[in-house]
Amino acid sequence: MAQKPSIPKGTRDFAPAEVAKRNYIIDLIKKQFQCFGFQPIETPSFENSDTLMGKYGEEGDRLIFKILNSGDFLAKVDQGTYAKKDAVALAPKITEKALRYDLTVPFARYVVMHQNELDFPFKRYQIQPVWRADRPQKGRFREFYQCDADVVGSDSLLQEVEFIQLYDGVFTELGLTNTIIKLNNRKILAGIAETIGAQERLVDFTVALDKLDKIGEEKVREEMHSKGIPQEAIVKAAPLFALKGSNAEQLQVLADFLTHSVMGTAGVGELQFLLDAIAKLGLQSAQLRIDVTLARGLNYYTGAIFEVTAPEGVDMGSIGGGGRYDDLTGIFGLKDVSGVGISFGLDRIYLVLEELGLFPEAIARSLDVLCLNFGPKEGMAALTLATSLRKQGIKADLYPSDTKLSKQFKYANNRNVPYVILLGEEELKNNSFIVKHMATGNQVSYALTDVANFVATL
RNA sequence: GUGGUUGUAGCUCAGCUGGUUAGAGCGCUGGAUUGUGGUUCCAGAGGUCGCCGGUUCGAACCCGGUCUUCCACCCCA
């Protein structure tokens, strides 16, 4: 054998059984997206670097895969930049394209480019791979799929309500019950920062607060302190660390806490609206939970923030997230278009379903019937039979060569085929075929003219 | 980007303080069984010990580098 081949770090091959399971999830998400009136679009796997760079923060820029220019790309670089060997300065000159980092920014670009063709509010879904130059970890890959649904051109809070229902619908259908939909609002976070007098440190404050249930109150205080948030502000924020109880109770505490912040009060109002609406409409299996520590990608969210985590006991981080962004298209020159959207983390959902054994048995079945091959003449007759089964929508196949039966049976076994058809010399002579049910070993004989009788038993 | 971890047969893994020809189970191939798989029995094939270099009389084992795996941090789905 030549040198052993390999694939890049953080990428994966998918075997037939894995693809079947992934498609099961994707198909189900698609169905729900369409049920809610979303339409599919697709965008290129790579964009112009300008489209992506600077949209995800400094950290994000570092994680974007850049594509080296074609041709004599170094010719354009001036001597000074080249001599300095400064990657950050050199990169924009030799890479004009970059791999898609998420689906939201390309969507914003799409909306701006096609604004005159779109009917607003525009509801779109998109299921495509994205790439991040991250270091792989549990549930983190360098190539992975996102399944996004967004609506732009409506600032109605009813959209948020629908997204909560959409999450609930998808996860219920997947059999993943008791997922927790965490809910927060960027306006509340801003209001808190305003109230405690730390507006300028909003991001540092929320990033630290986000870690509350992970590292504990003491460590969060330490981090806030080390980020330069005044001690008195941290003290003022104390009620937030102890936020407990039902959604209604927490909301009441927040309302009192934020009473002097216009922004914060607006956020509380929005949250209240969502809770009331969902209380009226009901959810099938998910739980809605207010979580002021929920921060997520703060770069563009302006209103509601969602995050879905797997049922308790499954350690997988978030399996979906989203929120309201009032001015996403603004960065591409289209003002005042409000958007809200959510994302499903396909790869993580897969891992969770696998861990909980929630994939249906039937999706592993790639073939219903295998016809064994007894020789040229018998094989031809079997192919005729397989053809007629295929026309009736049955997954049927013929073993292509007439090797010994034990080998053909073994193949059927390994492929998990439930039925095997034997059509040999004897059967051909009296125009019949034998169906063997692999699980029980029972064999039944049918006339060749009577295929329908067999099909009826499937 | 920081710190740690992993790599031996197709797969899962043994392999002693460095010492002849690197092992097991599963899988694979053939046979017992020329028209019957999933059970059993017998036999067989299959390995540049991730890669490059160093130390040594001698390296799967020690050292350096590199790639990869997994994990934590950062950040995030």
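Owing to the predicted nature of the structure, the values given are computational and were not obtained by experimental measurement. Letters A, B, ... are given to chains in the order of the sequence lines, protein chains preceding strands, and every chain is numbered from 1.
Under the side-chain contact (heavy atoms from CB on, under 4.5 Å) criterion, A/T384 pairs with no residue at all, not counting sequence neighbours. Under the rule for a side-chain contact (heavy atoms from CB on, under 4.5 Å), the partners of A/K21 that lie at least two apart in sequence or sit in another chain are A/Y350, A/E354, A/F359, A/I363. For A/D327, the side-chain contact (heavy atoms from CB on, under 4.5 Å) criterion is met by A/K335, not counting sequence neighbours. Here A/Y145 pairs with nothing under the ring pair (Phe, Tyr, Trp, His ring centres under 6.0 Å) rule; sequence neighbours left out. A/D326 meets the side-chain contact (heavy atoms from CB on, under 4.5 Å) test with A/T302, A/R324, A/S338; sequence neighbours excluded.
Between B/rC71, B/rC70, B/rC75, one nucleotide has an atom nearer to the side chain of A/P136 than all others, and that is B/rC70. Among the nucleotides B/rA77, B/rC71, B/rG35, the one closest to any side-chain atom of A/E426 is B/rG35. Side-chain atoms of A/K404 lie closest to B/rG31 of the nucleotides B/rG31, B/rC75, B/rG35. Picking from B/rC73, B/rC76, B/rU68 the nucleotide with the shortest atom distance to the side chain of A/Q137 gives B/rC73. Nearest nucleotide to the side chain of A/R135, out of B/rC74, B/rU2, B/rA77: B/rU2. Side-chain proximity of A/F374 to the nucleotides B/rU36, B/rG35, B/rC75 is greatest for B/rG35.
Note on ring orientation: taking the six-membered ring where Trp is involved, the planes of A/F454 and A/F433 are perpendicular (angle over 60°, cut-offs 30° and 60°).
Listed for the A/D168 side chain is a donor-acceptor partner under 3.5 Å among the backbone atoms of A/A286. Using modelled atom types, one side-chain atom of A/K66 and one backbone atom of A/I64 make a donor-acceptor pair closer than 3.5 Å.
Applying the salt bridge (Lys or Arg N to Asp or Glu O under 4.0 Å) test to every pair with at least one member in residues 414-435 of chain A, sequence neighbours left out, gives these pairs: A/E426-A/K429. Annotation: salt bridge (Lys or Arg N to Asp or Glu O under 4.0 Å) contacts involving residues 431-443 of chain A, sequence neighbours excluded, are absent.
Looking at heavy-atom distances under 4.0 Å, A/Y411 makes no contact with the nucleic acid at all. Within the nucleic acid shown, A/F344 has no heavy atom closer than 4.0 Å to any nucleic acid atom. Heavy atoms of A/G375 sit nowhere under 4.0 angstrom from any nucleic acid atom. At the heavy-atom level, A/L422 lies under 4.0 Å from base atoms of the strands shown. If you check every strand for non-hydrogen atoms under 4.0 Å, A/E58 touches nothing. Among the atoms of the strands shown, none is found under 4.0 Å from any heavy atom of A/Q408. Among the protein residues, A/N414 comes within range of the sugar-phosphate backbone only, with heavy atoms under 4.0 Å from sugar or phosphate atoms but none that close to a base. Note on A/G60: nothing from the nucleic acid sits closer than 4.0 angstrom, heavy atoms only.
B/rC61 and B/rG53: their P atoms are spaced 14 Å apart (whole Å). Spacing between B/rC73 and B/rU29 at atom P, rounded to whole Å, works out to 46 Å. Rounded to a whole angstrom, the distance from the C1' atom of B/rA77 to that of B/rG54 is 44 Å.
RNA chain B forms stems at B:1-4 with B:70-73, B:10-13 with B:23-26, B:28-32 with B:40-44, B:50-54 with B:62-66, each a run of 3 or more consecutive Watson-Crick or G-U wobble pairs whose two key distances fall under 3.5 Å.
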*Just by protein heavy atoms under 4.0 Å, how would nucleotides 37-43 of chain B read 5' to 3' in B, S and -?*
BB-----
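Ring stacking holds between A/F144 and B/rA77, with the centres under 5.5 Å apart and the planes within 30 degrees of each other.
The distance from the CG atom of A/L448 to the CG atom of A/N431 is 5.5 Å, given to the nearest 0.5 Å.
Both A/G10 and A/V308 lie near RNA chain B, and the one whose nearest nucleotide falls closer to the 5' end is A/G10. The nearest heavy atom of RNA chain B to A/T11 and to A/R142 marks one nucleotide each, and the one closer to the 5' end goes with A/T11.
Following rounding to the nearest Å, A/I7 (CD1) and B/rG50 (C1') show an atom-to-atom distance of 15 Å. B/rC76 atom P lies 13 Å from atom CG of A/D61, rounded to whole Å.
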Could you tabulate the donor-acceptor pairs under 3.5 Å formed by side-chain atoms of residues 121-129 of chain A, not counting sequence neighbours?
| residue | atom | partner | partner atom | Å |
| --- | --- | --- | --- | --- |
| A/K123 | NZ | A/F36 | O | 2.8 |
| A/K123 | NZ | A/E162 | OE1 | 3.2 |
| A/R124 | NE | A/Q126 | OE1 | 2.9 |
| A/R124 | NH1 | A/D150 | OD1 | 2.8 |
| A/R124 | NH2 | A/L103 | O | 3.2 |
| A/R124 | NH2 | A/Q126 | OE1 | 2.9 |
| A/Y125 | OH | A/Q34 | NE2 | 2.7 |
| A/Q126 | NE2 | A/T43 | OG1 | 2.9 |
| A/Q126 | NE2 | A/Q128 | OE1 | 2.9 |
| A/Q128 | OE1 | A/T43 | N | 3.0 |
| A/Q128 | OE1 | A/R100 | NH1 | 3.4 |
| A/Q128 | NE2 | A/T43 | O | 3.2 |

Listed pairs under 3.5 Å, donor-acceptor, residues 402-410 of chain A side chains, sequence neighbours left out:
| residue | atom | partner | partner atom | Å |
| --- | --- | --- | --- | --- |
| A/Q408 | OE1 | A/N373 | N | 2.8 |
| A/Q408 | NE2 | A/N373 | O | 2.9 |
| A/Q408 | NE2 | A/T403 | O | 2.7 |

Anything under 3.5 Å between a protein N or O and an N or O of nucleotides 5-7 of chain B, put it in a table, one pair a line.
none

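At the phosphate of B/rC74, OP1 or OP2 sits under 4.0 Å from a side-chain N or O atom of A/K211.
Side chain A/Q443 to base B/rG35: no donor-acceptor pair is found below 3.5 Å.
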